[in-house]
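Nothing here was measured: the structure is a model prediction, and the numbers come from that model. Remember, it's 1-based here, ligands and their atoms both numbered in the order they're listed.
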Amino acid sequence: MCSGRVDLAFVLRAFSNGMDGVFIGGCRLNECNYSTHGNYHALNMALLCRKIMEHIGLNPERLRIEFMSSGEGILFAELMSEFGSTVKELGPLGKGEGIDQNELKSKLAEITKLVPYIKVVKNEKLASRLESPEEYDKLFTRDEIEKLFSEVISYYIDPDKCQACGICAGKCPAEAIAGGKNLIHIIDQEKCIKCGTCFEACPPRFGAVTKISGEPVPPPIPEEKRTVVRKHKER
Ligand code: SF4
Ligand code: SF4
C-alpha cells in the first residue's frame with residue numbers, strides 16, 4: 001500500500017532469493033496523503049541499502065527507487081524499461097560483480113540478521129526528510145557504513161550480576177535469552193538480533209546486561225555454574 005512499508009529486510013530478502021534487481025515505486029515526494037510521509041522513509045532506506053550493497057561488493061544500481069503518481073503510466077513504463085535494461089547489462093546478481101555465490105549468500109544473511117540493529121543505530125537518519133536529490137548521496141557515507149559494521153555491538157549478560165529475574169528473557173523479541181528459575185540467564189549470540197531491549201530492560205539495581213563493541217563476546221557460563229548464588233544464602 002505504502003512505499004514506507006518496504007523494509008530494508010524485504011530488499012535484502014529479494015536479493016537473497018536471487019533477484020537481480022529491485023525496483024521500489026512510491027508516490028511523489030511531498031504529495032503523501034498522510035502526515036507520515038512514508039515515501040521519505042522508503043527513500044532513506046533505499047539510500048542506506050545502496051551503500052550497504054556497495055559495502056558487500058554489489059552494484060548499487062541493482063536497487064532503484066522512483067516516485068510518481070498513478071496517472072504517470074508512461075513515466076512508469078519508461079523507468080521500468082530503462083531499469084530492466086540496466087539490470088540485464090549488470091548480469092546475474094553476484095556473477096556480474098565477480099562475487100562467489102556462497103560468499104554472497106552468507107554476506108546477505110549476515111546483513112539481514114543485523115537489520116534491527118541497523119534500524120536502531122540509523123533511526124534518526126532513516127526518519128529524516130531530505131530537501132533535494134543533491135543531498136541523497138551525502139546521507140550515508142562509505143566510512144559511516146564501514147564503521148557501522150566494524151563496531152557492531154553485542155550484548156552479554158554478566159554472570160556475576162544476573163539475578164535471574166527473567167525480565168530480559170520475557171522481553172527479548174528473538175527468544176535469544178535462555179533463562180529459568182534461579183538460573184543465570186545467557187544470550188544465544190546466533191539468535192540475538194542486537195535490538196538492545198535486554199540492555200534497557202535489566203533493572204538498574206542489577207545492571208547485568210553489558211554492551212560489547214570491537215571485542216569478542218565471552219563464552220556463556222557453563223551449565224553447571226548457572227545457579228544463582230544469592231548473598232543471604234551464602235552466609
Ligand atoms: S539484544 Fe537482547 S533483547 Fe535484543 S535480541 Fe539480543 S538478547 Fe534479545
Ligand atoms: S533482566 Fe538482568 S538480572 Fe534479570 S535475568 Fe535478565 S540479565 Fe539477569
Side-chain angles (χ1 to χ4, degrees), residues 4-17 41 44-45 48-49 51-52 55-56 105-128 140 144-235:
R5 177 69 184 93
V6 184
D7 197 277
L8 175 58
F10 299 175
V11 181
L12 294 171
R13 193 194 306 158
F15 286 128
S16 300
N17 285 342
H41 290 247
N44 299 341
M45 180 279 293
L48 172 62
C49 191
K51 283 282 188 282
I52 293 174
H55 177 77
I56 60 171
K105 256 196 164 167
S106 82
K107 277 182 177 176
L108 285 168
E110 210 177 298
I111 305 277
T112 303
K113 205 179 133 201
L114 291 174
V115 166
Y117 166 76
I118 297 169
K119 281 161 64 178
V120 168
V121 177
K122 295 294 163 199
N123 176 32
E124 230 171 86
K125 283 194 179 181
L126 285 168
S128 63
F140 298 102
E144 182 183 0
I145 301 300
E146 299 273 328
K147 209 170 156 212
L148 177 70
F149 293 113
S150 64
E151 293 180 1
V152 171
I153 288 168
S154 296
Y155 292 88
Y156 172 71
I157 296 176
D158 185 337
D160 293 331
K161 293 184 180 171
C162 179
Q163 291 299 305
C165 70
I167 295 174
C168 58
K171 294 196 170 176
C172 173
E175 296 183 0
I177 302 178
K181 199 176 171 202
N182 288 329
L183 286 179
I184 291 169
H185 286 39
I186 49 175
I187 295 176
D188 181 337
Q189 298 297 330
E190 282 306 305
K191 286 189 184 170
C192 175
I193 55 170
K194 305 178 191 299
C195 66
T197 304
C198 53
F199 182 77
E200 300 294 334
C202 183
R205 65 183 186 283
F206 304 140
V209 182
T210 52
K211 277 186 194 179
I212 296 180
S213 170
E215 279 175 48
V217 180
I221 184 163
E223 213 51 42
E224 64 278 9
K225 292 186 180 166
R226 278 186 60 200
T227 306
V228 174
V229 180
R230 302 196 194 277
K231 291 225 164 63
H232 65 277
K233 287 189 180 164
E234 267 180 335
R235 281 186 236 124

Identify the closest protein heavy atom to [atom]: which residue and atom is it, and at what distance?
{"atom": "atom 4 (Fe) of ligand 1", "answer": "Cys195 SG, 2.3 Å"}
{"atom": "atom 2 (Fe) of ligand 2", "answer": "Cys202 SG, 2.3 Å"}
{"atom": "atom 1 (S) of ligand 1", "answer": "Gly196 N, 3.3 Å"}
{"atom": "atom 8 (Fe) of ligand 2", "answer": "Cys162 SG, 2.4 Å"}
{"atom": "atom 3 (S) of ligand 1", "answer": "Cys198 N, 3.4 Å"}
{"atom": "atom 5 (S) of ligand 1", "answer": "Ile193 N, 3.4 Å"}

Need the ligand 1 atom indices (1-based, order shown) with element for anything under 4.0 Å from a heavy-atom of Ile177.
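Those of ligand 1 that fall under 4.0 Å from Ile177 are 7 (S).
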Enumerated ligand 1 atoms positioned under 4.0 Å from heavy atoms of Thr197:
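Reading through ligand 1 atom by atom, the close ones are 3 (S).
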[X] to [Y] - nearest heavy-atom pair and separation:
{"X": "His185", "Y": "Cys168", "result": "CD2-SG, 4.0 Å"}
{"X": "Ile212", "Y": "Tyr156", "result": "CD1-CB, 3.7 Å"}
{"X": "Ile167", "Y": "Ala201", "result": "CG2-O, 3.7 Å"}
{"X": "Ala176", "Y": "Lys191", "result": "CB-CB, 3.7 Å"}
{"X": "Leu148", "Y": "Val152", "result": "O-CG2, 3.4 Å"}
{"X": "Asn44", "Y": "Ser128", "result": "ND2-O, 2.7 Å"}

Go through ligand 2 atom by atom and flag the ones less than 4.0 Å from a non-hydrogen atom of [X].
{"X": "Pro203", "result": "1 (S)"}
{"X": "Gln163", "result": "3 (S), 8 (Fe)"}
{"X": "Cys168", "result": "1 (S), 5 (S), 6 (Fe), 7 (S)"}
{"X": "Phe206", "result": "3 (S)"}
{"X": "Ile157", "result": "7 (S)"}
{"X": "Ala208", "result": "2 (Fe), 7 (S)"}

Using a strict threshold of under 4.0 Å (side-chain N to carboxylate O), is an ion pair present between [Y] and [X]?
{"X": "Glu110", "Y": "Lys113", "value": "no"}
{"X": "Glu144", "Y": "Lys125", "value": "yes"}
{"X": "Arg13", "Y": "Asp7", "value": "no"}

Just to be sure I read this right, does ligand 1 sit under 4.0 Å from the backbone of Val209, its side chain, both, or neither, counting only heavy atoms?
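Neither part.
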Are the side chains of Cys198 and Ile187 in touch, meaning some heavy atoms are under 4.5 Å apart?
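Answer yes - side chains close enough.
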Look at Cys165 and state whether any of its N, O or S atoms is less than 2.8 Å from atom 6 (Fe) of ligand 2.
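No N, O or S atom of Cys165 is closer than 2.8 Å to atom 6 (Fe) of ligand 2, so no.
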Taking 2.8 Å as the cut-off, does an N/O/S atom of Cys192 lie below it from atom 6 (Fe) of ligand 1?
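It does; at least one qualifying atom falls short of 2.8 Å.
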Do any heavy atoms of Ala201 fall under 4.0 Å from ligand 2?
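Per 4.0 Å heavy-atom rule, Ala201 does not contact ligand 2.
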Ala169: heavy atom below 4.0 Å from ligand 2, yes or no?
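No; Ala169 lies far enough from ligand 2 that no heavy-atom distance drops under 4.0 Å.
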Within 45° cone of Tyr155 ring axis and under 6.0 Å: Lys194 NZ or CZ:
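Verdict for Tyr155: no cation-pi partner in Lys194.
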Applying salt bridge (Lys or Arg N to Asp or Glu O under 4.0 Å) to Glu200 and Lys171, what does each step give before you reach the verdict?
CA-CA 10 Å; Glu200 300 294 334; Lys171 294 196 170 176; over 6 Å; no
